[in-house]
Peer 1: 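My structure is below; once you've seen it, I'll send some questions.
Along the sequence shown, residues carry numbers from 1.
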Amino acid sequence: MEADVVDGKVVEVRGDPDDPAYGGYTCMKGRELPDSHNSANRLHHSLVRNETGEFVPTPMDQALAHVASELRRIIDTHGPHSVAVFMGSGGFQNSAAMSASLSFAQAVGSRNFYTSVTLDQPAKVFTTARYGKWMAGPNTFSESDVAFFIGNNPIVSHYSPVGGVPPFSPSRRIRDQKAQGMKLIVADPRESDVARLADIYLPVKPGEDPAMLAGMLNVIISERLYDRNFVAAHVDGFDDLAEAVKAFPPEVAAARAGLDTEQLVAAARMFAQGSKGCAVTGTGPEMAGNGTLTEYLVVCLNTICARFKQDGEKAAIPGVFSPYQTARRAQVGPQVAMFGAEGMPKSRFRGLGHLGWEMPCNVLADEILTPGDGQVRALISVGGNPVVGFPDQVKMARALDDLELFVQIDPWMSASAKRADVVLAPSQCLEREDITSLSEWWHEEPYARYTEAVVEAPGDCIDEYEMFWTLAHHLGIRMNLAGGPLPMDRKPTKQEFLDLAVTGCLVSPSQVRADCAANGGGAVLYPEKHPVVEPVDESEFHRFDLAMGAMPSEIGKYAAASAAREGFDFRLISRRSKTRFNSIGHPLKKLQAKTTTNPAFIHPDDIAALGLEEGGLVAITSPHATIHGVVKASDKVRRGIVSMAHAYGDADTGKDDVRTRGASTNRLVSEVVDYDPITGQSLQSAIPVKLEPA
């Protein structure tokens, strides 16, 4: 972006037309950065709750010293696992915050590190690698002649896995690629923005994505449309998969998924007959139950159709700032245990444990509320909002209130900040140095930028990495990053921190900083650094294993399971909003004006049948709780569905103020019922509900 600064304040931002990736594109939320930085609601000083329960403005150094003192007391009394750290969506907007928060938790010696990844998409991050990972990466969107988006609406959410459309003017990119001949398939219970661009739109029933995917695999395998040479050379477990999907011939799959049989068959043929292009999912299909099975079936689709980069091509995502660079070869890499391996930390609940380096979020409330060895007594939340983001809102609010120390790092008095013992005020993005490390898995070219601060942070706000370093300094512990230990006798600069955080990458942040400065501050491309796919190394040969974890048998279990819950005939599905990023954006005036509540989108025929009224209130009841929503008619959703955004409201939001605050759909679910046995992820979409006039 380009930013206009007057008297030390950002007054306007706009896209940089010369940027080689974005070309001047920005999203609605990004254009509100001036309001975010200058809002009267923004915290300029930290707050510490006193003995009477009131928040007192406190200098940052004193607030951090107080937090460190409390942490020392809690660790000495209850042990290191009594401290938990949660990285929310806001924390992911700072390239140093992830490394700093994880490093701090590890330095404390706690197993209790959590991120928002395990709330909405843990299966695609932590379970798919067990079937095998192609070292060169998948086909990229810009080379695709077919694309399959499953519950993914990148035009609004600006999110896509590798192989999906990069979020730089995504609508234009899709249209341009279609003009080059690409075919687009979209599966979604509602006709989303991207679905309106599809060659084939599959209005799949909420939570029935596995039936659709298994049916498509059935067609592709039975009609021998898969890449037989690739499967023979690189894939084990194919026969097990082929046998399992026999349970879903097209007519059975279509009936279960609520689709037209001919359309399902046409979609399977269209995808398989393309030469390049991937199937990718959004967060909705994972949140709708059977997340691991859904992601497994997507892996199977891409694998048997050989949707991967090959020898001599440029590797998929170069990752300028990605550490631990390894050879990009046209072969399957060695398996990396991302869960369940010997020695990986375990939760005290439901047999769940670490996914990669983090604990699944859906055990945190129980880890706090349940006495015993390892009980969490202190929580540091970095740019997160557990009250509205975690399942079972009432239980999570009770858990936060039960903590001996709850620290919220937040520029606003969010629903979670209001319950905290200490609120630390962070700097925002235009007030700090930063790199493009957390977004570079969208970049198909070796793109990098090191941005400088354009204004000073107001009041007593500092970078999150400084907060964690200061806490570690007070506690006398050493933080380690990819490149080694941080200096603890003096605070490292942001550049020093970033260089250590991504040691082993293609180009160091300090070098990118110098190159950006020489380029007038603009981004830099490093085409000479783009890895080229190397041939197979026969001495290090591995194969995909589509039978790993007995996953084909899960298809049979799903086929035998009931698709309905008696008495709850509707399904509530999640949706994204152009004016919100999860729980972020609610305090901003222009975004508030555009979205005043969390509407309940319902098909007009259902509104009439239920005796509801447009603009009236509807009571939405699940087996666990009731929330209210403002009725909004939409013929873009299937009948039998109510569509609402997540991460709204507060624990005390009710019928009387739902029009101005919106309700949290997370109140409708429980983390101990309907959860994934591997990832622990709760059902947070396709929630069984019944609707009544309120």
Side-chain angles (χ1 to χ4, degrees), residues 1-16 19 22 24-47 55 57-60 63 87-98 100 158 381-385 408-418 423-439 449-467 494 498 516 521-523 577-595 647:
M1 288 184 166
E2 296 175 340
D4 292 339
V5 179
V6 177
D7 296 330
K9 286 190 174 183
V10 176
V11 296
E12 184 180 353
V13 296
R14 58 191 167 273
D16 176 5
D19 187 273
Y22 294 84
Y25 178 76
T26 60
C27 73
M28 183 183 297
K29 296 178 281 288
R31 292 193 293 274
E32 297 310 314
L33 282 178
D35 188 14
S36 179
H37 283 61
N38 303 326
S39 172
N41 296 326
R42 183 182 175 185
L43 296 175
H44 290 187
H45 297 84
S46 298
L47 302 173
F55 280 119
T58 306
M60 180 65 73
M87 259 283 296
S89 299
F92 277 105
Q93 306 316 297
N94 180 351
S95 56
M98 175 67 179
H158 291 76
S381 169
V382 191
N385 200 345
Q408 176 75 11
I409 301 175
D410 208 321
W412 322 99
M413 288 306 293
S414 63
S416 296
K418 292 173 185 175
V423 184
L424 300 176
S427 56
Q428 294 197 47
C429 62
L430 299 178
E431 300 159 353
R432 61 177 182 244
E433 302 160 30
D434 222 327
I435 58 175
T436 47
S437 60
L438 293 177
S439 61
R449 187 191 283 268
Y450 192 116
T451 63
E452 308 291 345
V454 298
V455 292
E456 292 186 5
D460 201 11
C461 301
I462 64 174
D463 196 312
E464 286 97 328
Y465 95 90
E466 297 178 275
M467 297 178 188
K494 185 69 172 282
L498 293 173
C516 287
S577 168
K578 287 186 177 181
T579 61
R580 301 290 188 270
F581 174 49
N582 294 333
S583 64
I584 300 171
H586 296 276
L588 305 183
K589 291 181 180 179
K590 289 183 180 179
L591 298 184
Q592 278 181 341
K594 292 178 183 294
T595 309

Peer 1: Rounded to the nearest 0.5 Å, what separation is found between the CG atom of N41 and the OG atom of S414?
Peer 2: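 OG of S414 is found 12.0 Å from CG of N41.
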
Peer 1: Who passes ring pair (Phe, Tyr, Trp, His ring centres under 6.0 Å) against Y25, sequence neighbours left out?
Peer 2: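 Once residues adjacent in sequence are excluded, the partners of Y25 under the ring pair (Phe, Tyr, Trp, His ring centres under 6.0 Å) criterion are H158.
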
Peer 1: To the nearest 0.5 Å, what is the distance between CG on D463 and NZ on K494?
Peer 2: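 So the CG of D463 and the NZ of K494 are separated by 4.0 Å.
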
Peer 1: Closest approach of L47 and F55, non-hydrogen atoms and distance?
Peer 2: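 Minimum heavy-atom contact is CB-CD2, 3.7 Å.
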
Peer 1: At their closest point, which heavy atom of V454 faces which heavy atom of V5, and how far apart are they?
Peer 2: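 That would be O-CG2, 4.0 Å.
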
Peer 1: Heavy-atom distance under 4.5 Å between the side chains of S427 and E466, does that happen here?
Peer 2: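 They are not in contact (no side-chain heavy atoms under 4.5 Å apart), so the answer is no.
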
Peer 1: For R31, which residues count as a side chain to side chain donor-acceptor pair (under 3.5 Å) partner, sequence neighbours excluded?
Peer 2: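 R31 satisfies side chain to side chain donor-acceptor pair (under 3.5 Å) with T26 once adjacent residues are dropped.
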
Peer 1: Does N38 use its side chain to pair, donor to acceptor, with the backbone of V10 at less than 3.5 Å?
Peer 2: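 At least one qualifying donor-acceptor pair exists.
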
Peer 1: Looking only at heavy atoms, which two atoms of V455 and G8 are closest? And how far apart?
Peer 2: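 Minimum heavy-atom separation between V455 and G8: CG1-O, 3.5 Å.
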
Peer 1: For D16, check salt bridge (Lys or Arg N to Asp or Glu O under 4.0 Å) against everything at least two apart and list the hits.
Peer 2: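 Here the qualifying residues are R449.
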
Peer 1: Just to verify, what does M60 make a side chain to side chain contact (heavy atoms under 4.5 Å, CB included) with, not counting sequence neighbours?
Peer 2: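 Side chain to side chain contact (heavy atoms under 4.5 Å, CB included) check on M60 returns S46, L64, L424, D460, I462, M467.
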
Peer 1: Give a yes or no answer on whether the side chain of N385 reaches the backbone of S416 with a donor-acceptor pair at less than 3.5 Å.
Peer 2: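 Flag set: sc N385 to bb S416 pair under 3.5 Å.
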
Peer 1: In Å, rounded to the nearest 0.5 Å, how long is the span from CD of E456 to SG of C461?
Peer 2: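 Going from the CD atom of E456 to the SG atom of C461 covers 12.0 Å.
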
Peer 1: Hey, is the main chain of S36 close enough, under 3.5 Å, to the side chain of Q428 for a donor-acceptor pair?
Peer 2: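 Present.
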
Peer 1: Please walk me through it: do R14 and D4 pass side-chain contact (heavy atoms from CB on, under 4.5 Å)?
Peer 2: CA-CA 9 Å; R14 58 191 167 273; D4 292 339; 2.9 Å; yes

Peer 1: Rounded to the nearest 0.5 Å, what separates atom CE in M1 from atom CG in L430?
Peer 2: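 If we round to the nearest 0.5 Å, M1:CE and L430:CG are 8.0 Å apart.
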
Peer 1: Quick one: side chain to side chain donor-acceptor pair (under 3.5 Å) partners of T451, sequence neighbours excluded?
Peer 2: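 Residues passing side chain to side chain donor-acceptor pair (under 3.5 Å) with T451: none at all.
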
Peer 1: Can you sort out the partners of Y450 under ring pair (Phe, Tyr, Trp, His ring centres under 6.0 Å), two or more places apart, ordered by chain and number?
Peer 2: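 Scan of Y450 (ring pair (Phe, Tyr, Trp, His ring centres under 6.0 Å), adjacent residues dropped) gives none.
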
Peer 1: Under a 3.5 Å distance rule, please check whether Q408 uses its side chain to pair with a backbone N or O of G384 as donor and acceptor.
Peer 2: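 It does hold such a pair.
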
Peer 1: Would you say P34 and H37 make side-chain contact, with heavy atoms under 4.5 Å?
Peer 2: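 The answer is no, as the side chains (C-beta and beyond) never meet within the 4.5 Å cut-off.
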
Peer 1: Keeping the roles fixed (side chain from D434, backbone from S95), state whether a donor-acceptor pair exists under 3.5 Å.
Peer 2: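 Yes; at least one donor-acceptor contact below 3.5 Å.
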
Peer 1: Do Q93 side-chain atoms and G90 backbone N/O form a donor-acceptor pair below 3.5 Å?
Peer 2: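 Looks like no, no N/O pair under 3.5 Å.
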
